[in-house]
Amino acid sequence: MNKKKIEEMLLKEGFTQKEVSVIRQHADKNGYPYPWLLSQLKKRFIAAMILIAILLAGLIYTIRSGTQENLVSYSITLLAGFTILYIFIPLKPAYKAFKFLRKHSHIL
């Protein structure tokens, strides 16, 4: 499947023009095909969800068995963790790539 058809499919599936242009720039700059770039975004989304689940499990554990000081310090850690994830993992395009590949991986 050529790049133009993949870009049209991405736009139909909810990607914005800006997100498609960023993916196109990475594809042109590094020479990676679209399916590979989308699979990398999918992997980042899965990793982010695992890390968020771990952070939330820690929060639940801290609420159930920790002191007030532990809860305050873990809340700061949780906020820092979410901030780092948001900065380093583009969650919206990663989620869209996850959904897109679940629906169209057999075509690519």
Side-chain angles (χ1 to χ4, degrees):
M1 184 172 277
N2 65 16
K3 291 181 180 183
K4 200 67 163 169
K5 286 186 180 182
I6 294 174
E7 289 178 7
E8 289 173 6
M9 287 176 62
L10 291 173
L11 289 171
K12 286 180 184 175
E13 291 296 324
F15 281 83
T16 64
Q17 186 65 39
K18 182 180 176 183
E19 292 166 343
V20 172
S21 68
V22 169
I23 293 172
R24 183 184 320 117
Q25 287 174 354
H26 283 288
D28 293 341
K29 179 181 173 185
N30 299 325
Y32 296 125
Y34 281 99
W36 186 85
L37 289 170
L38 292 171
S39 70
Q40 292 301 309
L41 279 173
K42 178 183 173 183
K43 289 177 186 177
R44 288 182 184 192
F45 176 74
I46 292 169
M49 292 302 106
I50 291 170
L51 291 172
I52 288 171
I54 291 169
L55 287 171
L56 290 176
L59 178 65
I60 292 168
Y61 176 76
T62 304
I63 289 171
R64 291 182 54 103
S65 64
T67 63
Q68 185 69 22
E69 294 87 19
N70 289 348
L71 185 59
V72 170
S73 64
Y74 192 80
S75 297
I76 294 169
T77 303
L78 187 66
L79 181 65
F82 280 139
T83 304
I84 290 169
L85 281 175
Y86 186 77
I87 290 171
F88 288 109
I89 298 176
L91 290 176
K92 285 175 93 174
Y95 175 67
K96 291 175 185 178
F98 177 77
K99 281 186 4 183
F100 178 82
L101 287 177
R102 285 184 70 192
K103 190 173 184 180
H104 298 290
S105 64
H106 61 283
I107 298 173
L108 300 176

[X] versus [Y]: any side-chain heavy-atom pair under 4.5 Å?
X	Y	value
Thr16	Lys96	yes
Leu78	Thr62	no
Leu71	Leu59	yes
Met9	Lys12	no
Phe15	Leu38	yes

When hydrophobic residues are tied together by side-chain contacts of less than 4.5 Å, even through go-betweens, does [X] share a cluster with [Y]?
X	Y	answer
Ile23	Tyr32	yes
Leu51	Tyr95	yes
Leu91	Ile50	yes
Ile54	Ile60	no
Ile84	Tyr86	no

Say you draw a straight line from [atom1] of [X] to [atom2] of [Y]; how long is it, rounded to the nearest 0.5 Å?
X	Y	atom1	atom2	answer
Phe82	Ile87	CZ	CD1	13.5 Å
Trp36	Leu41	CH2	CG	9.5 Å
Asn30	Gln25	CG	CD	11.0 Å
Leu37	Ile6	CG	CD1	10.0 Å
Lys103	Leu101	NZ	CG	12.5 Å

*Which word best sums up how the rings of Phe100 and His104 line up, parallel for under 30°, tilted for 30 to 60°, or perpendicular for over 60°?*
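It falls in the tilted class, 30° to 60°.
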*Ser73 (side chain) donor-acceptor with Asn70 (main chain) under 3.5 angstrom*: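 Side chain of Ser73 to backbone of Asn70, a donor-acceptor pair under 3.5 Å: yes, one is there.
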*Is there a donor-acceptor pair under 3.5 Å between the side chain of Tyr74 and the backbone N or O of Leu55?*
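Yes; at least one donor-acceptor contact below 3.5 Å.
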*Minimal non-hydrogen separation, Ala97 against Lys42, with atom names*: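 Heavy atoms of Ala97 and Lys42 come nearest at CB-N, 4.3 Å.
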*Determine the minimum heavy-atom distance between Phe88 and Arg44, stating which atoms define it.*
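Scanning both residues completely, I find the closest heavy atoms to be O-NH1, 4.3 Å.
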*Which residues satisfy the salt bridge (Lys or Arg N to Asp or Glu O under 4.0 Å) test with Lys3, sequence neighbours excluded?*
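For Lys3 the salt bridge (Lys or Arg N to Asp or Glu O under 4.0 Å) partners, ignoring immediate neighbours, are Asp28.
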*asked:* Quick check on Tyr61: does its OH atom have over 12 non-hydrogen neighbours (other residues, nucleotides or ligands) under 6.0 Å away?
replied: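 Open: at most 12 neighbouring heavy atoms sit under 6.0 Å from OH of Tyr61.
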*Are Lys43 and Gln40 close enough, and set up right, to give a side chain to side chain contact (heavy atoms under 4.5 Å, CB included), and what steps lead you there?*
CA-CA 5 Å; Lys43 289 177 186 177; Gln40 292 301 309; 3.7 Å; yes
